Amino acid sequence: MTGSGLDFIREIVARDLSTNKHGGRVCTRFPPEPNGYLHIGHAKSICLNFGIAQENGGVCHLRFDDTNPTKEEVEYVDSIMNDVRWLGFDWKDKLFYASDYFEQLYDYGEDLIRAGKAYVCSLTADQIRDFRGTLTEPGRNSPHRDRSVDENLDLFRRMRSGEFPDGTHVLRAKIDMASPNLNMRDPTLFRIRKVPHHRTKDTWCIYPMYDYAHCVSDAIEGITHSICTLEFENHRPLYDWCLDQLNVPCHPQQIEFARLNLTYTVMSKRKLLQLVQDRHVWGWDDPRMPTLAGLRRRGYTPESIRRFCEKIGVAKNDSVIDIHILEETIREELNRHAPRVLAVLRPLKVVIDNYPESQVEELDAVNNPEDPSAGTRKVPFSRTIWIEQDDFREDPPKQFFRLAPGREVRLRYAYIIRCAEVVKDQETGEIIELHCTYDPATRGGSAPDGRKVKATIHWVSADHAFETDVRLLEHLFTTPDPGQIKDGAQMKETLNPRSLEVLEGCKLEPGLKSAAPGTRFQFERMGYFFVDPVDSKEGAPVFNRVVTLRDTWAKIEKSQKGGG
RNA sequence: UCCGGGGUGGUGUAAGUGGCAGCACAGCAGACUUUGGAUCUGUUAGUUCAGGUUCGAGUCCUGGCCCCGGAGCCA
């Protein structure tokens, strides 16, 4: 019953440390391809790799896997470094690029040829596919498989010098065309791509493939544990093969774990890119996106994301994490730290008939009941106030405790009021305002006669309210498993049309006018909100809802409707 | 069909050499409450199946079933 508490990867690392397998060293790496923005799935990998290094006095390298210049851009390099730093990790001076090793990778390629372990193949891409065989049938040897070392060397050098057009030759490993593992059927090591690279510019026209570049890069850097996701499991024999053939400094161990999947969102870079390109979102940093940039703009903190990654664990089972776990994690943190304020999102006017016409009182409000040191503040109260439309029902259902004709409710930190009259639009029947009376003996909200008032609602003084936009954000998709989506049309169908709702003219307590971009608040009873750092201006904050509060009433109401 | 990997409550994740199946979230019930928030208490629910070894199997053996990945000059 007394388990080690370690996940299976940390267990391997601990064992290797105890057997002194790598001379007491722990060196990991996070190897993104700069072809998109980092998302929360990458955060899992970042926390794992940097975390393991940190815990064991090791280092974690940041290495860009930039071997395919047709898809990679500096914009992505910059965003990735920014996001890793924001998440709270530091690669010190260990910043690398696979492209740093192009020359060595090329030299090792010649070594392979000299050892008779690689050859230049001049089949077309289609022919190579055809010769590869199928899952159940072995492949056939390329007619160029037995070219002499000299011929191979000559051809490989001329590939490098730009003598041949794209697609005419590739360098292939000479392994086994009959292997049941397709990755071992003479995989391509280098291909010709006459396109400039974002770092090496036009010095190269041949580029190494992932399988070859990755293991060699790991070995060059002295990585001890090369942690990647499950889809590379079939590639491990090739990872090991390459390193076994070459005279490299060390042989890292590749370990695979299950990538993160979240309900109601997509995690593939391709689909994320599609959302951006098709303008279904504002961009990579849209607060509905599962990208780190999006989560950051939504109002998630780095701590909450790290904590989330801790909670979900690391294993080899394919799994889908309920997105509510993520939401619960940010709630836990913000509950402890976010200052409370009063904000009415969908306002309904209330006139307190027996409250003196021009009177204003400054009432004491607690900033954070979870943190007494946060102190108190004053909020103005007057004869006309705004309350939430949802907090009044003309015909209250069972278990609805809030305001209704003839009923009492407590205004937080203010008074107990009773609803005396409902004013409606003559034509539409829409409720436009309420007339209430207040009990002057209940100042601050307590009833000296000891009577119980079940509900407390939030409010904002109409004369003092600060008006601004508030955005309510929901899941991007209506289906819990949009990862199954195949094409663009299907994606469009499953997108949640209500993922973004912009509420204009929300009434906030006056102090919020000076809310600084990038700060977080709890709007009492409504949720946690973040001052959007992009769209807010000095004195004109715009709020994004990070997450709602747990809403017991919403649950009751839902089950009432559902149950009939 | 071939190769690789994986199946523990609704979800996720634990149980060094076989020894009371634990934790978190969700659910349900209750307490408390000037946020239907927070907090606290209690509780429902699980080893993919069939055999075998054993005093004893989530763990070991045999066989089946189901799921995921793999035929890029992508990573």
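First the proteins, then the strands, lettered A, B, ... as listed; each starts at 1. No experiment lies behind these values; they were computed from the predicted model shown.
Formation of a donor-acceptor pair under 3.5 Å by the A/Q560 side chain with backbone atoms of A/K398 is found in this model.
Between B/rU39 and B/rC55, the distance separating the two C1' atoms is 47 Å to the nearest Å. Using atom P as the reference point in both B/rC67 and B/rC61, the two lie 24 Å apart (nearest Å). Nucleotides B/rG12 and B/rG19 are separated by 25 Å at their P atoms, to the nearest Å. Taking atom P in both B/rG7 and B/rU13, one finds a spacing of 9 Å when rounded to whole Å. Here, B/rU47 and B/rC20 have their C1' atoms 15 Å apart, quoted to the whole Å. Only the C1' atoms considered, B/rA21 is 8 Å distant from B/rG58, to the nearest whole Å. On the P atoms, B/rU48 is 9 Å away from B/rU59, given to the nearest whole Å. For the C1' atoms, the distance linking B/rA14 with B/rA31 amounts to 31 Å, nearest Å.
Contact annotation for A/I556: base contact, defined as any heavy-atom pair under 4.0 Å involving a base atom. Within 4.0 Å (heavy atoms only), A/R402 reaches at least one base atom of the nucleic acid. At the heavy-atom level, A/V314 lies under 4.0 Å from the strands shown only through sugar-phosphate atoms. Nucleic acid contact for A/Q522: base, since at least one base atom lies under 4.0 Å from a heavy atom of the residue. Nucleic acid contact class of A/E233 (heavy atoms, under 4.0 Å, all strands): sugar-phosphate only. At a threshold of 4.0 angstrom between heavy atoms, the contacts of A/Q399 include nucleobase atoms, whether or not backbone atoms are also involved. Heavy atoms of A/V320 sit under 4.0 angstrom from primed sugar atoms or phosphate atoms, though from no base atom. Nucleic acid contact class of A/F400 (heavy atoms, under 4.0 Å, all strands): base.
Residues A/W459 and A/V350 form no side-chain contact, since every pair of their non-hydrogen atoms from C-beta on lies 4.5 Å or further apart.
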Please step through salt bridge (Lys or Arg N to Asp or Glu O under 4.0 Å) for the pair A/D439 and A/R418, ending with a clear verdict. CA-CA 8 Å; A/D439 178 353; A/R418 180 183 299 278; over 6 Å; no

Test salt bridge (Lys or Arg N to Asp or Glu O under 4.0 Å) on A/R193 and A/E72 and set out the steps. CA-CA 13 Å; A/R193 282 272 186 288; A/E72 296 152 7; over 6 Å; no

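For A/N317, the listed nucleotide lying nearest its side chain is B/rG6; candidates were B/rU35, B/rG36, B/rG6.
Scanning for side chain to side chain contact (heavy atoms under 4.5 Å, CB included) contacts around A/C47 gives A/L87, A/F89, A/R306, A/C309, with sequence neighbours left out. Scanning for side chain to side chain contact (heavy atoms under 4.5 Å, CB included) contacts around A/C205 gives A/K194, with sequence neighbours left out. A search for salt bridge (charged side-chain N to carboxylate O under 4.0 Å, His left out) contacts involving A/R147 returns A/E151, not counting sequence neighbours. Scored by the side chain to side chain contact (heavy atoms under 4.5 Å, CB included) test, A/S79 finds A/Y37 as partners (sequence neighbours excluded). Under the rule for a salt bridge (charged side-chain N to carboxylate O under 4.0 Å, His left out), the partners of A/R443 that lie at least two apart in sequence or sit in another chain are A/E361. The side chain to side chain contact (heavy atoms under 4.5 Å, CB included) check on A/S217 picks up A/R63, A/A98, A/Y101, with sequence neighbours excluded. A/D186 is linked by a salt bridge (charged side-chain N to carboxylate O under 4.0 Å, His left out) to A/R145, counting only residues two or more places apart in sequence or in another chain.
At whole-Å resolution of the value, CH2 in A/W241 and P in B/rC3 are 23 Å apart. Spacing between atom CZ of A/R393 and atom C1' of B/rG36 amounts to 13 Å, rounded to whole angstrom units. Note: CG (A/L549) to P (B/rU35) measures 12 Å, nearest angstrom. Rounded to an integer number of Å, the gap from CZ of A/R10 to C1' of B/rA14 is 14 Å. What separates NZ of A/K454 from P of B/rU35 is a distance of 13 Å, to the nearest Å. Atom NZ of A/K316 and atom P of B/rU13 are 13 Å apart (whole Å). Look at CD1 on A/I12: it is 16 Å from P on B/rG16, rounded to the nearest Å. The CZ-C1' distance, from A/F257 to B/rG6, rounds to 16 Å in whole Å.
Here A/W553 and A/F401 keep their ring centres 6.0 angstrom or further from each other. For A/F156 and A/Y106, the distance between ring centers is under 6.0 angstrom. Checked against the 6.0 Å centroid threshold, A/F232 and A/Y239 do not count as a close aromatic pair.
Taking the ring axis of A/Y119 as reference, the NZ or CZ atom of A/R172 does not stay both within 45° of it and closer than 6.0 Å to the ring centre.
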Please enumerate all protein N or O atoms sitting under 3.5 Å from an N or O of nucleotides 27-32 of chain B, with distances to 0.1 Å.
from   : atom 1 : to     : atom 2 : distance (Å)
B/rG27 : OP1    : A/K555 : NZ     : 3.1

Can you pull every protein N or O that's under 3.5 Å from an N or O on nucleotides 38-48 of chain B?
from   : atom 1 : to     : atom 2 : distance (Å)
B/rA38 : OP1    : A/R550 : NE     : 3.0
B/rA38 : OP1    : A/R550 : NH1    : 2.8
B/rA38 : OP2    : A/R550 : NH1    : 3.4
B/rA38 : O2'    : A/N335 : ND2    : 3.2
B/rA38 : O2'    : A/E370 : OE1    : 3.0
B/rA38 : O2'    : A/E370 : OE2    : 2.9

Pairing pattern in dot-bracket form [Watson-Crick, G-U; both distances under 3.5 Å; | = partner strand] for RNA chain B: .((((((..((((.....[..)))).(((((.......)))))....(((((..]....))))))))))).....

If a protein heavy atom is under 4.0 Å from the base, mark B; if only from the sugar-phosphate, S; if neither, -; do that for nucleotides 68-75 of chain B going 5' to 3'. SBBBSBSB

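The stretch residues 316-326 of chain A participates, sequence neighbours left out, in these salt bridge (Lys or Arg N to Asp or Glu O under 4.0 Å) pairs: A/E233-A/K316, A/E256-A/K316.
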